[in-house]
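What follows is a single structure, written as structure tokens, with notes after it.
Here is the naming used below: chain letters follow the sequence lines, and residue numbers restart at 1 for every chain. Treat the numbers as computed from the prediction; the structure is a model and nothing was measured.
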Amino acid sequence: MPYSPAAALIPWYRAHARDLPWRRPEYLERYGAWGVLVSEFMLQQTPVTRVIPHLEAWLARWPDPAGLALATPAQVLQQWANLGYPRRALWLHRAAVQIVQQHGGLVPRDVDALLALSGIGDYTARAVAAFAFGDRHPVVDTNTRRVIARAVHGRAQPDPPSRRDLDDMLTLLPHDPESAAIVNAAAMELGATLCTARAADCGACPLAGLCAWRAAGYPEGEDRRRRQAKYEGSDRQARGGVLRALRHAVEHRLPADAVLADWPDRVQRDRAIDSLIADGLLEAADGVLLLPR
DNA sequence: TTCCAGTAAG
DNA sequence: CTTACGGGAA
């Protein structure tokens, strides 16, 4: 039995990691850090299985930051399709422009430089630095937070995200940067495949022998998760409906009164449209709504 | 209903 | 620190 989580995770990851596109050598050779960056944007709150088909098409069209920087927001939103949270598409586009203007078209390696880019936060900045450049940083996503909550803290559910998560992960990382990157990926992989939110397959878990949650007899603990707002009939659904209509429209434009004409709540429909305009996801011009140019 | 390789704004 | 932000699937 290995003595540390890292020592247990590394061989497990080598044997059991999923064959995902952004982990393949040919993917990294072809698209480099840009490929990692694009995949991480798409993976922000969108499940792996939904991202994969869109990722290939995106990179075929815009294989580098300079290519995306030349695109229009309308093209970007069209290509983003139904991945959800379309502000991410705008942020990715803006990040591409920043990379061209501030970094000569090359994705920066420095975490602070990455954090300064549009749409990049604590997770994505360190994911790019670790997985694209091989540097030693704590990469913490929702899977990692759950694995640490259970294996290290003996709790069923993680606390709300905080800066302490980074310190927790940092203490688990080996000194060697290459090994550290694998441990980062392995913690995420474990949380995504075995130690999931709905179940814990401890029989197959490489950390079973040193898991604090298991040793304590799987205490349920306090569930401090907030109830998720209902999507049906929400502003978010209305916004999604407006953008969907415009993605499918010829020239990405429609008469304003034709958009979501059958939506029951007129006030909510107008609020959705106004908020989309405020977010830069929509334009209004003399009775017409269109994707921004 | 809950969850998903989160981020930005209040 | 809390909330808004898509959309699909278990």
How far apart are the C-alpha atoms of A/Trp80 and A/Trp58, what are their side-chain angles, what is the distance that settles it, and do they pass the ring-ring contact (aromatic ring centres under 6.0 Å, His included) test? CA-CA 8 Å; A/Trp80 194 258; A/Trp58 186 284; 5.7 Å; yes
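Look at A/Asp279 and A/Arg239 and you find a salt bridge, because one of the NZ, NE, NH1 or NH2 atoms lies within 4.0 Å of a carboxylate O, short of that distance.
Separating the CG atom of A/Leu243 from the P atom of C/dC5 is a distance of 12 Å, rounded to the nearest angstrom. At whole-Å resolution of the value, CG in A/Leu43 and C1' in C/dG7 are 15 Å apart. For the pair A/Arg163 CZ and B/dG6 P, the interatomic distance rounds to 16 Å; values are reported in whole Å. A straight line from CD of A/Gln268 to P of C/dA4 spans 13 Å, rounded to a whole angstrom. Distance, A/Arg87 CZ to C/dT3 C1': 11 Å, rounded to whole Å. Straight-line distance from the CG atom of A/Leu190 to the C1' atom of B/dA5: 14 Å, rounded to whole Å. Look at NZ on A/Lys230: it is 18 Å from C1' on C/dA4, rounded to the nearest Å. Put simply, CG on A/Leu166 is 14 Å from P on B/dG6, counting in whole angstrom units.
Nearest-nucleotide positions on DNA chain C place A/Pro161 closer to the 5' end than the other of A/Leu281 and A/Pro161. Place A/Ala81 and A/Ser162 on DNA chain C by their nearest nucleotides, and A/Ser162 ends up nearer the 5' end. Comparing A/Thr124 and A/Ala229, the nucleotide of DNA chain B nearest to each residue sits closer to the 5' end for A/Ala229.
As judged by a 4.0 angstrom heavy-atom cut-off over every strand, A/Leu92 is placed among residues making no nucleic acid contact. A/Asp122 comes within 4.0 angstrom of sugar-phosphate atoms only, judged by non-hydrogen atoms across all strands, and of no base. Counting any heavy atom pair closer than 4.0 Å across all strands shown, A/Pro86 reaches sugar-phosphate atoms only and no base atom. Residue contacts for A/Arg239: at a heavy-atom cut-off of 4.0 Å it reaches the sugar-phosphate backbone alone, with no base atom in range. Note on A/Leu83: a base of the nucleic acid sits closer than 4.0 angstrom, heavy atoms only. Using a 4.0 Å heavy-atom criterion, one finds that A/Thr46 contacts the bases of the nucleic acid, with or without backbone contacts as well. When heavy atoms are screened at a 4.0 angstrom cut-off, A/Trp80 is found touching no nucleic acid atom at all. Nucleic acid contact class of A/Gly84 (heavy atoms, under 4.0 Å, all strands): base. As judged by a 4.0 angstrom heavy-atom cut-off over every strand, A/Ala127 is placed among residues making no nucleic acid contact. As judged by a 4.0 angstrom heavy-atom cut-off over every strand, A/Ser275 is placed among residues making no nucleic acid contact. As judged by a 4.0 angstrom heavy-atom cut-off over every strand, A/Arg23 is placed among the base-contacting residues.
Taking side-chain N and O atoms only, A/Thr142 has no distance below 4.0 Å to OP1 or OP2 of B/dA5. Using a 4.0 Å cut-off, no side-chain N or O of A/Arg244 falls inside it from OP1 or OP2 of C/dG6. At the phosphate of B/dG6, OP1 or OP2 sits under 4.0 Å from a side-chain N or O atom of A/Gln45. Close to B/dA5, at under 4.0 Å from its OP1 or OP2, lies no side-chain N or O of A/Tyr123. Look at A/Asn82 and you won't find any side-chain N or O under 4.0 angstrom from OP1 or OP2 of C/dG6.
Between the side chains of A/Thr46 and A/Arg88, at least one donor-acceptor pair of N or O atoms lies under 3.5 Å. Remark: the A/Arg61 side chain and the A/Gln79 side chain contain an N/O donor-acceptor pair separated by less than 3.5 Å. For the residue pair A/Gln44 and A/Thr124, a side-chain donor N or O sits within less than 3.5 Å of a side-chain acceptor on the partner. Of the N and O atoms on the side chains of A/Glu40 and A/Tyr123, at least one donor lies less than 3.5 Å from an acceptor on the other residue. Looking at A/His137 and A/Asn184, their side chains never bring a donor and an acceptor atom within 3.5 Å of each other.
Of the P atoms belonging to B/dT2 and C/dT3, the separation is 15 Å, rounded to the nearest Å. For the P atoms, the distance from B/dA5 to C/dA4 is 23 Å, rounded to whole Å. Taking atom P in both B/dT7 and C/dG8, the straight-line distance is 23 Å, to the nearest Å.
No N or O donor and acceptor, one from the side chain of A/Thr49 and one from the base of C/dG8, sit under 3.5 Å apart. With hydrogens and angles left out, the side chain of A/Arg88 and the base of B/dG6 share no donor-acceptor pair within 3.5 Å. The base of C/dG8 lies outside donor-acceptor range of the side chain of A/Arg50, with no N or O pair under 3.5 Å. Looking at A/Arg227, its side chain has no donor and acceptor atom pair within 3.5 Å of the base of B/dT2.
With distances taken from any side-chain atom of A/Asp235 to the nucleotides C/dC5, C/dG7, B/dA5, the minimum falls on C/dC5. The A/Ala192 side chain lies nearest to B/dA5 when the options are B/dA5, B/dA8, C/dA10. Nearest to the side chain of A/Gln44, among B/dC4, B/dA5, B/dT7, sits B/dT7.
In this structure, the ring of A/Trp213 has its center less than 6.0 angstrom from the ring center of A/Tyr218.
Under the stacking criterion of a centre-to-centre distance below 5.5 angstrom and an interplanar angle below 30°, A/Tyr85 sits stacked against the six-membered ring of C/dG6.
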